[in-house]
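One structure is given here, and the rest of the page talks about it.
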There are 2 protein chains.
Amino acid sequence: MALVSGRRPARKRRNQYHHGDLRRALVQEAVQTIDRDGVAGLTLRQVGERLGVSRTALYRHFADKSALLAAVGLEGFRAFRAAMMAVGSDGFEAMGRAYVAFARTHPAHYRVMFGGFLEGCRSEPELETEAKASFQLLVDALAGLQARGLLRDDDAEQMARFVWAIVHGIAMLAIDGQLGAHDPMIDVEYAIGRLATGLARPTPIARSATPL
Amino acid sequence: MALVSGRRPARKRRNQYHHGDLRRALVQEAVQTIDRDGVAGLTLRQVGERLGVSRTALYRHFADKSALLAAVGLEGFRAFRAAMMAVGSDGFEAMGRAYVAFARTHPAHYRVMFGGFLEGCRSEPELETEAKASFQLLVDALAGLQARGLLRDDDAEQMARFVWAIVHGIAMLAIDGQLGAHDPMIDVEYAIGRLATGLARPTPIARSATPL
DNA sequence: ACCTGAACACCGTTCAAGT
DNA sequence: ACCTGAACACCGTTCAAGT
């Protein structure tokens with residue numbers, strides 16, 4: 001559950017009425033609520049009540065509800081990038097698996113990050129920065145594979161958008177329940193297999209094939 | 001704008017206070033509101049007010065807000081399926097283009113259909129039926145290509161989920177503004193090119209290639 | 001600094017009452 | 001049948017007041 005970067009020790013500050021770190025508690029409670037009730041089910045009053053705090057205490061830490069959502073998104077992006085970096089960038093197989101796994105493990109974060117709920121948060125530059133950095137991770141990984149001659153020489157950003165669309169599509173369908181009982185990891189494995197064929201550097205012979 | 005199947009002529013019914021077809025007007029107004037303000041910005045009171053009708057008039061036609069949303073989704077699925085059938089099922093190129101084009105032309109419908117807002121509508125069997133039928137369209141198209149020897153012999157449903165994830169991913173990223181000014185149709189064309197390589201029936205020679 | 005309760009303008013939904 | 005206004009329990013947000 002420790003999603004934030006753990007630089008600050010668990011030492012509680014004094015001179016506070018109810019919490020050592022209300023800000024963090026608010027974000028955490030928001031995430032739990034979204035996991036349970038969806039973004040639409042998130043109410044600031046309930047969050048406060050659940051934390052044993054007045055319903056306006058939140059405004060000491062966040063300008064409004066969308067700022068709280070932005071904090072959830074930012075935390076999500078940081079955890080997401082950490083998870084991606086943890087698997088390394090040798091092949092996109094592991095990244096693809098890690099991507100969908102993250103969405104399933106943190107559906108609330110994922111939905112806030114990529115579900116269009118951050119529209120009113122254009123004022124948060126950190127969000128944009130973090131999102132761009134996550135995407136760049138994928139671009140770099142693909143460029144690395146290209147440099148080793150393993151991938152076609154297409155524009156790396158174009159390839160990245162393609163791969164991103166696939167894992168994003170699988171992830172969204174999975175956490176929205178569109179896949180029913182079907183295991184999304186099967187789709188990830190299938191996609192990896194098809195991408196190996198479709199994105200591999202074309203050999204002279206394969207290039208001459210007229211597939212469709 | 002005529003999204004519903006046009007079987008009923010525009011003849012207005014009598015003996016009504018304000019509308020010939022309040023139900024349809026409500027759905028239409030809801031769609032416009034969602035297009036403008038997002039699903040979160042949809043309020044029943046505003047819809048009624050905009051239609052010059054009491055704020056509770058809606059309950060004569062819909063059990064609650066989620067039922068109105070379900071109606072929007074159903075209308076979307078019907079229009080979606082019609083658009084898919086219109087392009088034929090000869091190749092998935094045209095279907096892919098039509099898919100993303102639909103999402104961009106009807107972002108409100110698309111978001112309601114696939115954005116996880118229909119969770120509370122399990123009681124609407126028509127929704128499930130329509131969603132399944134849309135998916136089946138893709139499965140059938142792929143199976144047809146398989147029968148003509150143009151596609152790999154993988155499970156057609158597995159291939160369909162793969163293709164669906166791709167176009168869904170592109171569509172969501174596009175209507176969520178994640179692509180910035182980038183034209184999503186470029187991604188569709190790129191995806192089509194890569195899929196032609198990745199989903200084509202493997203020739204004996206291509207099969208022996210070790211791409212990644 | 002951080003927290004509080006009262007207050008305001010909203011919202012979905014119910015219901016008795018009207019035509 | 002279809003529509004209405006009053007009412008209820010919610011919601012986000014503001015603000016003067018407390019420690």
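Below, each value reflects all heavy atoms present in this structure, side chains not excepted, and no hydrogens, waters or symmetry copies. Per chain, numbering begins at 1; letters A, B, ... match sequence-line order.
Using modelled atom types and a 3.5 Å distance limit, the side chains of A:Asp187 and B:Gln158 yield a donor-acceptor pair. Side-chain contact check for A:Asp155 and B:Tyr190: no donor-acceptor pair (N or O, by modelled atom type) lies under 3.5 Å.
Remark: P of D:dA1 and CZ of B:Arg23 are 17 Å apart, rounded to the nearest angstrom. Atom-to-atom, CG of A:Leu51 to C1' of C:dC2 comes out at 15 Å; the value is rounded to the nearest Å. Atom CZ of B:Phe62 is separated from atom C1' of D:dC2 by 15 Å (rounded to the nearest Å). Residue B:Leu22 contributes atom CG, which lies 13 Å from atom C1' of D:dA1 at whole-angstrom precision.
Contact of the A:Pro184 side chain with the A:Arg104 side chain is registered, since non-hydrogen atoms from C-beta on lie closer than 4.5 Å. Counting heavy atoms from C-beta outward, B:Ile166 and B:Leu195 have side chains that approach closer than 4.5 Å.
Within the structure, every side-chain polar atom (N or O) of A:His61 is placed at least 4.0 Å from both OP1 and OP2 of C:dC2.
Note: A:Ile170 CD1 to A:Tyr99 OH = 10.5 Å, rounded to the nearest 0.5 Å.
Ring planes of B:His109 and B:Phe102: tilted class, angle from 30 to 60°.
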Distances under 3.5 Å only, N/O to N/O: pair up the protein atoms with those of nucleotides 10-13 of chain D.
unit_1, atom_1, unit_2, atom_2, d
D:dC11, OP1, A:Thr43, OG1, 3.4
D:dG12, OP1, A:Leu44, N, 2.8
D:dG12, OP1, A:Lys65, NZ, 3.3
D:dG12, OP2, A:Leu44, N, 3.1
D:dG12, OP2, A:Arg45, N, 3.2
D:dG12, N7, A:Arg45, NH1, 2.3
D:dG12, O6, A:Arg45, NH1, 2.8
D:dT13, OP2, A:Tyr59, OH, 3.0
D:dT13, OP2, A:Lys65, N, 2.9
D:dT13, O5', A:Tyr59, OH, 3.3

- prompt: Could you spell out the base pairing of DNA chain D in dot-bracket, with Watson-Crick or G-U pairs whose two distances are under 3.5 Å, [ ] crossing and | to another strand?
  reply: ||.|||||...|||||.||
message: Show, in sequence, the C-alpha distance, side-chain angles and deciding distance for B:Arg152 and B:Asp154, and conclude whether the salt bridge (charged side-chain N to carboxylate O under 4.0 Å, His left out) test is met.
response: CA-CA 6 Å; B:Arg152 333 174 96 241; B:Asp154 297 349; 3.1 Å; yes
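The ring pair (Phe, Tyr, Trp, His ring centres under 6.0 Å) check on B:Phe114 picks up B:Phe77, B:Tyr110, B:Trp164, B:His168, with sequence neighbours excluded.
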